[in-house]
Colleague: 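Just dropping this structure here.
Note that ligands are numbered from 1 as they come in the structure, with each ligand's atoms numbered from 1 the same way.
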Amino acid sequence: MVSEFEIKKQICDIGKRIYDRRMVAANDGNISVKISDNEYLCTPTGVSKGFMTPEYICKIDGEGNVLQANGKFKPSSEIKMHLRVYQKRPDVKAVVHAHPIYATSFAIAGIPLTQPIMPEAVIALGCVPIAEYGTPSTMEIPDNVEKYLPYFDAVLLENHGALAYSDSLLAAYHKMESLEFYAELLFHSRQLGGPKEFDKEQIKRLYEIRRQFGLPGKHPADLCPSAKAGGMSCHSCGVPSCSAAGVKTPITDNNADADMVAEITRKVMEKLGK
Ligand code: 13P
């Protein structure tokens, strides 16, 4: 088992990475790791995440009560947002919040990252919606992020930044890195006359690859009833789980039917041991 001290060192390493890669400026950003059912390690508030050492890292419980903190260090002002992710996503073991330049620019412009333009982003990331603006450090952010958590592994925070989470700290960091790379490509291709998007068949094949890899997390390939039934995906269909991504297609009875059919199919396959 990895020791608590070792995890604190890993948090410092990831803090340095996000700082060095200009995903955060000055004292921005925060990182947390779930270490047991009711214990979390997190970065302190108001320090540069690029220059932390293990004694900076705080320990809290699921309500945000401080279990251990050295000297003047206090848990991140955004810890409520992290705790909401852990509450709603028991599969998540680490959360990274940063302000990467391109992803945050899309969050400021109000453009969700839903255009299917490159294989890695479609396979690993899926769609990235924008949670409505909330005042930093208040309950507004966790409350606004909540509805996206069951369907997505990364969320943009309107006029603020980005949030990524996964089943390990490295995976959560990688999600943030992929999100920023995808946003950067999207930004540049929009300047070059607009990206050429994948068509329905190409998306279907990429989703199939994701299923074959058995990648963890929540993704339209696993959640979108329409995609499962061979139809359009979250990247463009607007069924209930997908419309949360900011795709404006109205939710229709057909979508509800598709949801029900997918659920029944899943149960039947489960019974058959498939
Ligand atoms: P903390 O230093 O309190 O974690 O806040 C940084 C930040 O980026 C707030 O959004």
Colleague: I'd like to check whether Val47 has a polar contact with ligand 1, where a contact means an N/O of the residue lying under 3.5 Å from an N/O of the ligand.
Modeller: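 Checking ligand 1 against Val47, no N or O pair falls under 3.5 Å apart.
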Colleague: What atoms of ligand 1 come within less than 4.0 Å of a heavy atom belonging to Thr45?
Modeller: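 Close to Thr45: 1 (P), 2 (O), 3 (O).
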Colleague: According to the interplanar angle, ranging from 0 to 90°, do the rings of Phe187 and Phe106 count as parallel (below 30°), tilted (30 to 60°) or perpendicular (above 60°)?
Modeller: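 Taking Phe106 first and then Phe187, their aromatic rings stand perpendicular (interplane angle over 60°).
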Colleague: Could you check whether atom NZ of Lys16 has more than 12 heavy atoms from other residues, nucleotides or ligands sitting under 6.0 Å from it?
Modeller: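 Atom NZ in Lys16 is not crowded, with 12 or fewer foreign heavy atoms closer than 6.0 Å.
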Colleague: Looking at His160, which atoms of ligand 1 are within less than 4.0 Å of one of its heavy atoms?
Modeller: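 Reading through ligand 1 atom by atom, the close ones are 10 (O).
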Colleague: State whether the shortest distance between N or O atoms of Asp28 and N or O atoms of ligand 1 falls below 3.5 angstrom.
Modeller: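 No; the residue has no nitrogen or oxygen that sits under 3.5 Å from a nitrogen or oxygen of the ligand.
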Colleague: Does Arg210 CZ have over 12 foreign heavy atoms under 6.0 Å away?
Modeller: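 Enclosed: over 12 neighbouring heavy atoms sit under 6.0 Å from CZ of Arg210.
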Colleague: Can you sort out which atoms of ligand 1 are near Asn27, meaning under 4.0 Å from one of its heavy atoms?
Modeller: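 Answer for ligand 1: 2 (O), 6 (C).
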Colleague: For ligand 1, which is the ligand I care about here, please tell me if Thr43 has any N or O atom under 3.5 Å from one of the ligand's N or O atoms.
Modeller: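 In this structure, Thr43 places no N or O atom under 3.5 Å from an N or O of ligand 1.
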Colleague: Under a 4.0 angstrom heavy-atom cut-off, which atoms of ligand 1 come close to Ser76?
Modeller: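 Within the 4.0 Å cut-off of Ser76, ligand 1 contributes 1 (P), 3 (O), 4 (O).
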Colleague: How about CZ on Phe181, more than 12 heavy atoms from neighbouring residues, nucleotides or ligands closer than 6.0 Å, or not?
Modeller: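 Counting other residues, nucleotides and ligands, CZ of Phe181 stays at 12 neighbours or fewer.
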Colleague: I'd like to check whether Pro136 has a polar contact with ligand 1, where a contact means an N/O of the residue lying under 3.5 Å from an N/O of the ligand.
Modeller: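 No - when backbone and side-chain N and O of Pro136 are compared with those of ligand 1, no distance drops under 3.5 Å.
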Colleague: Report the part of Lys49 (side chain from C-beta onward, or backbone N, CA, C, O) that has a heavy atom under 4.0 Å from ligand 1; answer both or neither where that applies.
Modeller: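 Near ligand 1, Lys49 shows its side chain, while the N, CA, C and O stay back.
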Colleague: Which of the atoms of ligand 1 are close to Glu78, meaning less than 4.0 Å from one of its heavy atoms?
Modeller: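 Taking each heavy atom of Glu78 in turn, ligand 1 has 9 (C), 10 (O) under 4.0 Å.
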Colleague: Assign the ring pair Tyr148 / Phe152 to parallel, tilted or perpendicular, where the plane angle (0 to 90°) is split at 30° and 60°.
Modeller: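 If you compare the ring of Tyr148 with that of Phe152, the planes turn out tilted.
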Colleague: Any donor and acceptor pair, going by atom type alone, linking the side chain of His97 with main-chain N or O of Ala162 inside 3.5 Å?
Modeller: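 Yes; at least one donor-acceptor contact below 3.5 Å.
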Colleague: Any side chain to side chain donor-acceptor pair (under 3.5 Å) involving residues 161-174? Give me the pairs, sequence neighbours left out, ordered by first then second residue.
Modeller: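 Applying side chain to side chain donor-acceptor pair (under 3.5 Å) to every pair that reaches into residues 161-174, excluding sequence neighbours, yields Tyr173-Glu177.
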Colleague: What is the distance from atom CD of Glu180 to atom CD1 of Ile18, rounded to the nearest 0.5 Å?
Modeller: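 Answer rounded to 0.5 Å: 12.0 Å.
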Colleague: Going by the ring pair (Phe, Tyr, Trp, His ring centres under 6.0 Å) test, which pairs reach into residues 7-30, not counting sequence neighbours?
Modeller: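 Matches after skipping sequence neighbours: Tyr19-Phe51.
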Colleague: Numbering the atoms of ligand 1 from 1, which are under 4.0 Å from a heavy atom of Gly29?
Modeller: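 Selected atoms, number and element: 4 (O), 6 (C), 7 (C), 8 (O).
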Colleague: Check each atom of ligand 1 against the heavy atoms of His99 and keep those under 4.0 Å away; list them by number with element.
Modeller: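 The atoms of ligand 1 under 4.0 Å from a heavy atom of His99 are 8 (O), 10 (O).
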Colleague: If you measure from atom 1 (P) of ligand 1 to every heavy atom of Cys42, Ser32, Ser48, Ser77, which option wins on shortest distance?
Modeller: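 Among Cys42, Ser32, Ser48, Ser77, the closest heavy atom to atom 1 (P) of ligand 1 comes from Ser77.
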